[in-house]
Amino acid sequence: MAAEPQRLDRPQAGSITSQFGRGAAAPDYLKGLNEEQRDAVLTTEGPLLVLAGAGTGKTRVLTTRIAHILNSKKAWPSEILSVTFTNKAAREMKERIGALVGAGVEGMPWLGTFHSIGARLLRRHAELVGLRSDFTILDTDDQIRLIKQLLEAANIDEKRWPARQFAGMMDNWKNRGQLPTDVSMADRSAFANGRIPELYQQYQDRLKTLNATDFGDLLLLCIKLFRENPDVLAEYHRRFKYILVDEYQDSNVAQYLWLRLLAQGKPAPEANLCVVGDDDQSIYGWRGAEVDNILRFEKDFPGAKVIRLERNYRSTSNILKAASHLIANNESRLGKTLQTDVGEPGELVMVTSVWDSDEEARQVGEEIEQFQRQGDALNSMAILVRASHQMRAFEERFITLGLNYRVIGGPRFYERKEVRDALAYLRLVSNPNDDLAFERIVNTPKRGLGDSTLQILYDAARRQGTSLTTAVRTLVETEELKPKQRTTLRQLMDQFDDWAQRAQAVPPEDAVETEELAPGIVRRHTSHADLARQVLDESGYTEMWQNDKSAEAEGRLENLKELVNSMEEFDSLSGFLEHVSLVMDRDTGEADDAVSIMTLHSAKGLEFETVFLPGWEEGLFPSQRTLDESGRAGLEEERRLAYVGLTRARKRLRVSVAQNRLTHGLWQSAIPSRFLDELPAAAVEVKDTGSAYGGYGYGGRSGGGRFDTRDPFDSLYETPGWQRARAQASSRKSAGPVTIDGDLVARSVDDGRGSKYDVGERVFHLKFGYGRIEQIEGNKLTIEFEKAGRKKVLESFVQKP
DNA sequence: GTAGGCTTGCGGCAA
DNA sequence: GCAAGCCTAC
């Protein structure tokens, strides 16, 4: 909450207006734009759809457009609503506008993600939707715990109906803008025997009592707010003269409704709504995105102008050819043809067949080292995978090679256990009634407050109708708790009182919205970062990790430090907490030169000189699961994902396909992806590895393409690898226990033949060492270990010595 | 109440 | 292959 909007409505000397000449014919910022880009910038009035292909300067158009609106004084910064999906995109946009117009960006309070703007709107009008303006925003973890409680209370078996699943379903409904009563009959029966509306409603009620929202609510409640309070909506109609949306193809129904309400200030043909996107890069269908939104834009806003940006400034023509040829297989698209602006046709796209994922990683590693010797920076190379488990092979290989790499989009910083715990402490200091935070940390670090004690607390809180903290305060005065627990809780409460007091000494917050802050008047006795440090130390939380001997403990302590340090940037504790609940990304150390490894999804919007696309196999890519769930639409989405991958490359593109892949712990022989057949022969070079194993081309039956050369099993190869492949293929068909080199791979193998071991036999166990078998029941062995004593272990855990 | 061992299940992942 | 969650034994 950096800027204060009202202040910016007043003209400010020397800010925006004086930056760019006085109405000179072609301002600087228009120079260097091509015709279509310029058109998109200058068409400020009326609905506009900018179809921006990959690498066509989409962000540049958006930012220049905002600069233009500001420069030509069509609107003040506070009168432009500009929404993105990710914080990263919002931040980048802010930076780039800043570079164009100078200090004026500071005054763009309505530039942000859908959710942060939604939260901002809700805080202003919280009372109209039954919340207080200091409501907390729950993340997925809190949500799950809350649902677990509800399911338990409703006597629903959590094993049969997992909370996670319900959370996912709820997410879907909220993405579609559905309230409990709107859930379709078909969906209702999908969980807990039709008790869905009831549970969903209970969940919503519970959120309200907790003075909390989840992410979905940030939009859903806005929609409710606007529908029920036309005067409030009208206020925003007056305020927002221009609305811009980035990555429109990713918008879901709720976001669409939200935007439509806000754009309704004028009749549809005159709405100043500009959406930018690429239907070919819509890859978030599984998250509720509706490609239909962008495909339908012209119908929704009759008279909308459509501008296509088709000149690509990123990739060589061979790369573009490959990408365009592939995406042309999709039926539902608006259709664009990218033209390269890069002179040379460049290298051919190389497609390589390898034996398995390890060889794939070896190959990629070698190539990277070779490029590096040629002088390429590691930063200019990336490996884009379909599924995150593919990353492991590359990481392992790169570690042995000593090749610097970074994984992008691993477990997010704020989702880490230690960070969440620390945040729970801070949330509780800031708001003692935050029950979810309380539950999280009562017994972390271990204080001897187990389930039974907690149950007493819950009961008391429910009886009194108060929060857990309040309930504890009364409980410790009674005899209900055991003396030990009572003392512990009393001490804990005293600590929180103490911390809360220290927090009070830190300048007040939140009142920012309407009151002008008097800078420099309040003196800080304790900065909130210091306070956080004290809380973590005094609560014993830091100590808990210091005593932890496990490998991760050190990293966790690092993360805690990083968390505390990052607090320095914020004016207040609650400001910090708000930021954290909405923001996911941590600053990735861009400093070192390193190869990037990430999923295709997280690669959207990025570009690299050299891109490796491993794992182009049926089942993995396109993902079998997507095909099963969403059929043809799913296939098209996978194809768009392939398109995104291909278009990330500027100069060099390497696609690979493995003949064997380990899936769910089983080796499976793989069929080359149908997407390989969709690459144009003229732009592609096929390379076989000629490795010791295999080398029989792609084989498979991907539908009569060039890659469908030979039947892989109709060959004379007699190498060990080949034998294995054959053994596997037949064992898969027979559905018997799967073996590789004699190792049992499949589980629960108890086929009546008994064990391959005998009683009395000496065996070896990875953890327990050597021992003698005492008893055999199916695949379970009772073993007397020489060091570890008697244990029952699964047969697959031991080996012959 | 906790630790360790086994079972199970498995996609992409913003806010 | 691996992690999260469950169950059992202390």
Side-chain angles (χ1 to χ4, degrees), chain A residues 83-90 112-119 137-140 143 148 158-159 162-164 168 171 174-175 213-219 247 250-252 254-255 283-289 357 384-393 396 408-412 414-415 417 443 446-454 484-485 578-585 598-604 619-630 634 637-638 640-641 644-645 661-667 745 747-748 765 767-768 779-780 788 790-794 796-797:
Chain A
V83 271
T84 62
F85 281 83
T86 64
N87 289 297
K88 191 166 159 241
T113 62
F114 276 100
H115 292 88
S116 69
I117 291 173
I137 301 165
L138 302 189
D139 59 30
T140 324
Q143 216 184 339
K148 275 191 180 151
E158 222 248 289
K159 267 171 225 138
R164 231 159 240 299
D171 210 38
K174 292 193 171 182
N175 283 341
T213 67
D214 58 20
F215 285 120
D217 280 354
L218 292 178
L219 293 170
E247 305 275 19
D250 289 342
S251 60
N252 60 39
Q255 286 155 342
I283 54 175
Y284 284 111
W286 50 274
R287 207 159 75 181
S357 44
L384 312 182
V385 299
R386 173 64 182 88
S388 57
H389 62 76
Q390 287 173 261
M391 295 180 181
R392 198 187 46 86
E396 278 172 12
I408 303 203
R412 255 149 292 309
Y414 85 110
E415 282 171 5
K417 181 179 169 13
N443 202 28
K446 303 268 182 281
R447 296 191 174 92
L449 302 168
D451 288 343
S452 45
T453 313
L454 269 183
K484 204 171 149 213
Q485 276 76 2
E578 166 89 2
H579 166 84
V580 168
S581 58
L582 287 169
V583 158
M584 61 90 192
D585 32 33
M598 67 187 99
T599 62
L600 286 161
H601 281 94
S602 43
K604 194 165 78 153
L620 177 61
F621 192 35
S623 144
Q624 191 56 48
R625 198 157 153 182
T626 306
L627 300 188
D628 291 346
E629 278 167 18
S630 321
E637 178 151 319
E638 292 285 305
R640 291 193 290 267
L641 198 49
V644 167
R661 189 163 294 273
L662 193 60
T663 31
H664 302 328
L666 286 180
W667 281 100
V745 182
R747 291 162 236 284
S748 47
H765 186 281
K767 226 179 210 157
F768 305 130
N779 57 351
K780 290 197 178 78
R790 178 191 295 222
K791 306 253 181 224
K792 239 185 197 178
V793 292
L794 273 185
S796 54
F797 283 79

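Each chain gets a letter, A, B and so on, in the order its sequence line appears, and its residues count up from 1. As the structure is a prediction and not an experimental result, all values here were calculated from the model.
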Measuring from the side chain of A:R625 (C-beta onward, heavy atoms only), which nucleotide among B:dC10, B:dT2, B:dG12 has the closest atom? B:dC10
pair_partner(B:dC13), Watson-Crick or wobble, both distances < 3.5 Å, evaluates to none
Hey, is A:W286 stacking on B:dG12? Ring centres under 5.5 Å, planes under 30°. yes
Would you indicate what A:S623 reaches in the nucleic acid, counting non-hydrogen atoms under 4.0 angstrom: base, sugar-phosphate, or nothing? base
In whole Å, measure the gap between the P atoms of C:dA4 and B:dC13 for me. 16 Å
Measure the distance from CZ on A:R164 to P on C:dG5 and round it to the nearest whole Å. 6 Å
Straight-line distance of A:S357 OG to A:H389 NE2, nearest 0.5 Å: 9.5 Å
From the candidates B:dC13, B:dC10, B:dG1, the one with an atom nearest any side-chain atom of A:T453 is B:dG1
A:D217 CG - B:dA14 P separation (whole Å): 20 Å
I would like to know whether A:D250 and A:R287 meet salt bridge (Lys or Arg N to Asp or Glu O under 4.0 Å); could you show each step before the answer? CA-CA 9 Å; A:D250 289 342; A:R287 207 159 75 181; 5.6 Å; no
Short side-chain to backbone donor-acceptor contact, A:E638 and A:F621, under 3.5 Å: no
Got a second to check how far A:L138's CG is from A:S581's OG, nearest 0.5 Å? 9.5 Å
Between C1' of B:dT8 and CG of A:L666, the distance in whole Å: 14 Å
Starting at atom CG of A:L582, determine the distance to atom C1' of B:dA14, rounded to an integer number of angstrom. 11 Å
Nearest-neighbour nucleotide for the A:N443 side chain, C:dC2, B:dG12, B:dT2 considered: B:dT2
How close or far is atom C1' of B:dG12 from atom CG of A:D628, stated in whole angstroms? 15 Å
Between C:dG1 atom P and A:L662 atom CG, what is the distance in whole Å? 5 Å
Quick one: on DNA chain B, does A:Q255 or A:K446 contact a more 5' nucleotide (nearest heavy atom)? A:K446
State which of B:dC13, C:dC2, B:dT2 makes the closest approach to the side chain of A:R287. B:dC13
Atom-to-atom span, CE of A:M391 to P of C:dG1 - whole angstrom: 18 Å
Name the closest nucleotide to the A:R392 side chain, picking from C:dC2, B:dA14, B:dC13. C:dC2
From the set B:dT2, C:dC2, B:dG12, return the single nucleotide nearest to any side-chain atom of A:A387. B:dG12
Among A:N252, A:D214, A:L219, find the one that has a side chain to side chain contact (heavy atoms under 4.5 Å, CB included) with A:K174. A:D214
Using a 4.0 Å heavy-atom cut-off across all strands, classify A:S388 as base, sugar-phosphate, or nothing. sugar-phosphate
Geometric class of the A:H601/A:Y284 ring pair [parallel <30°, tilted 30-60°, perpendicular >60°]: tilted
Taking 4.0 Å as the cut-off, does a side-chain nitrogen or oxygen of A:T599 come that near to OP1 or OP2 on B:dC13? yes
Report the distance from atom NZ of A:K604 to atom C1' of B:dC13, rounded to the nearest whole Å. 12 Å
